[in-house]
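What follows is a set of notes on a single structure, which appears directly below.
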Amino acid sequence: VTSAIEAAFKGIRAAVGPKGIVDDAQEIERYVTETRGMYRGQTGLVVRPASTSEVAEVVRLAGEARLPIVPQGGNTGLCGGGVPQDDRSIVLSLGRMNRIRNIHPADFSITVEAGCILAEIQKAAETVDRLFPLSLGAEGSCQIGGNLSTNAGGIGVLHYGNTRDLCLGLEVVLPDGQIWDGLGALRKDNTGYDLKQLFIGAEGTLGIITAATLKLFPRPREVETAFLALAKASDAMELFARARAASGDQLTAFELIPRRGLEFAARHVAGIVDPLDRPHAWYALIDVSSSRPESNLRASLEAFLGEVVEAGLIADGVVAASAQQSQQLWRIREAMVEAQKYEGGSIKHDVSVAVSRVAECIERLTAAVEARIPDCRPLAFGHVGDGNIHFNVSEPARDNYKREPATTKAFLTRRTELNDIVHGIVAQMGGSISAEHGIGILKRDELPRYKPAVALELMRAVKRALDPDDIMNPGKIITLNEPKAEARPRRRAR
Ligand SMILES: Cc1cc2nc3c(=O)[nH]c(=O)nc-3n(C[C@H](O)[C@H](O)[C@H](O)COP(=O)(O)OP(=O)(O)OC[C@H]3O[C@@H](n4cnc5c(N)ncnc54)[C@H](O)[C@@H]3O)c2cc1C
């Protein structure tokens, strides 16, 4: 570390005070390691500013010394976006900025600091009889700044949209240290470019989100949950289409679970049991909800289920009799994710296609990976009501899966090969190689193969305009030194 860097670190330490610095080596480890252990980085300084002005001062000082800044929320991201790359990098953790600044039930809005944990925002909304609908497995530890920066999806997208759709305004510290106050609860504001959208999904590469005004919704009074057994993935999609059309827009979640996922969960996670008597190939987990107190939701759900049973679409099913039973059914969905790590190595994909092509996509992906690695165990699940499939491939079954034994390691070396197969098919189907998790470093080098060169160059132009010195989370999503689109061979104009 040179003296210029040391001087910058010293200035930053002074700007945030002792409470704003993490010095303990063990604690620092948390900030340099990705949640699944796929990446371990390096940092020169971990700062935890307490206010927007402190963030601005840190960014200004880091910018003067051209030091990379890596913003971090709950560090639950799945693409390595929050991992610092070297000992010049400053991790800027937003965790101390966790105040709810104001909440306006009449405006159906809430203004929060970036470090607020998602579950805390949901609770705050409930206290004023409102709903903040963003919901995902990591909601107990991810932060809204991270959710906005990854444009997180989750189980409520079907009805309420992605995080991008839930944001009314942002406060951002720009790479030159300026503060942009774009907060506000306006539902309509056509005064030029919608700047907040630039920072949403930017994974910290354009600035640091310090606060946000978010949309609230009427709180559901009735929620019904059903766990339904299906013979084929295509039946699930037929069920989805019928449920959506019949529900009068009350279908708020539609998740697909394969038999293998339920078996993984029951094998490894305490308290998970198959709610049905016989095994079935696929399951749909659905929620319908209504904010009207007496909506007869259960009666209409049961009538609908009667119709689809008669049509031979579902083989069996259970409707939760209480909120507790509903939670138990949803627990299967979460436990399936948790259980995969006990089944050895898993190569994961987060892809999307048009909703109408989900079943075809699952069939094609399964056939292709099984042809390449005959005993591998594909696990296709997820938010299929949004066309989003988590297509994870577990290593072939064996008796025990000790931590990183040779067979697991050997399986994981086939990641690139499987990525090429899966992403290749998804691209052929007009889909996306990242539905909701982002790009980070995980998919950065693959992105140019799937995104038009013109789009990549536009992204670089935006990055250069806002962050010419490339200090804001450099090397994530895109790199600036790629050849320009113009420098590549061009198709001859016809
Ligand atoms: C069990 C589990 C379930 C999950 N389920 C889902 C799911 O259903 N849907 C989904 O979309 N994701 C899911 N995720 C992924 C993850 O939770 C989300 O990506 C989440 O939005 C990340 O929030 P975070 O606060 O942890 O961000 P981090 O991991 O800390 O950061 C993510 C990215 O955002 C940047 N960043 C963080 N804070 C800021 C800020 N204030 N300003 C600028 N940039 C910032 C970081 O630099 C990084 O690039 C899941 C993860 C786990 C572990």
Side-chain angles (χ1 to χ4, degrees), residues 30-39 41 48-49 52 55 59 68-85 89-98 112-119 121 134-157 162-164 166 170-175 196 198-212 253 255 333-341 348 350 352 381-383 386 388 390 434-442 444 467 472-477:
R30 269 199 315 125
Y31 295 92
V32 298
T33 316
E34 186 252 8
T35 179
R36 294 197 286 221
M38 280 181 76
Y39 301 100
R48 290 171 48 81
T52 303
V55 173
V59 172
I69 303 169
V70 183
Q72 221 178 72
N75 198 15
T76 68
L78 299 174
C79 294
V83 180
Q85 310 273 50
S89 300
I90 298 164
V91 172
L92 196 155
S93 164
L94 278 297
R96 283 173 77 209
M97 292 187 57
N98 59 0
V112 298
E113 291 184 343
C116 283
I117 303 261
L118 173 55
I121 301 175
L134 182 64
S135 177
L136 43 119
E139 64 196 24
S141 50
C142 62
Q143 299 172 9
I144 195 67
N147 302 144
L148 286 156
S149 300
T150 55
N151 183 30
I155 58 173
V157 175
N162 292 291
T163 309
R164 189 182 290 294
L166 304 176
L170 285 184
E171 178 188 86
V172 179
V173 171
L174 301 172
K196 66 177 179 294
L198 273 182
F199 300 96
I200 301 174
E203 299 182 46
T205 59
L206 298 179
I208 295 179
I209 296 173
T210 46
E255 299 283 314
R333 166 70 176 80
E334 283 159 27
M336 170 179 58
V337 175
E338 210 177 305
Q340 285 168 75
K341 61 175 176 275
K348 301 183 192 311
D350 160 43
S352 63
F381 66 97
H383 319 298
D386 314 318
N388 181 185
H390 294 309
S434 179
E436 60 172 9
H437 294 161
I439 298 294
I441 32 185
L442 183 70
R444 183 196 62 196
D467 183 18
M472 208 48 83
N473 213 1
K476 309 293 167 61
I477 308 182

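Indexing begins at 1, ligand by ligand and atom by atom, following the structure's order. The structure presented is a predicted model; accordingly, all values stated were derived computationally and were not measured.
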- [ ] Not counting sequence neighbours, which residues clear side chain to side chain donor-acceptor pair (under 3.5 Å) with Glu139? List them please.
- [x] Gln122, Ser135
TODO: Please name the pair of heavy atoms, one in Val83 and one in Glu34, separated by the smallest distance, quoted to 0.1 Å.
DONE: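 Shortest heavy-atom contact: CG2-CB, 3.9 Å.
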Open item on the list: Quick one: does any side-chain atom of Lys476 pair with a main-chain N or O of Gly81 as donor and acceptor, under 3.5 Å?
Closed with: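 Confirmed, Lys476 side chain pairs with Gly81 backbone.
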Task: All side-chain contact (heavy atoms from CB on, under 4.5 Å) counterparts of Thr163, not counting sequence neighbours - done: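 side-chain contact (heavy atoms from CB on, under 4.5 Å) check on Thr163 returns Leu134, Asn147, Leu148, Asn151, Ala152.
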TODO: Using the test ring-ring contact (aromatic ring centres under 6.0 Å, His included), find all partners of His437 that sit at least two apart in sequence or belong to another chain.
DONE: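 Per chain and number, His437 pairs via ring-ring contact (aromatic ring centres under 6.0 Å, His included) with His390.
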Open item on the list: Distance under 4.0 Å, heavy atoms only, partner ligand 1: which residues pass?
Closed with: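 Close residues (ligand 1, cut-off 4.0 Å): Pro71, Gln72, Gly73, Gly74, Asn75, Thr76, Gly77, Leu78, Gly81, Gly82, Leu94, Ala114, Leu136, Gly137, Ala138, Cys142, Gln143, Gly145, Gly146, Asn147, Ser149, Thr150, Ala152, Gly153, Gly154, Glu203, Gly204, Gly207, Ile208, Ile209, His383, Glu436, His437, Asn473.
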Task: Salt-bridge criterion met for Glu255 and Arg333 (N-O under 4.0 Å) - done: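 Looking at Glu255 and Arg333, the cut-off is met.
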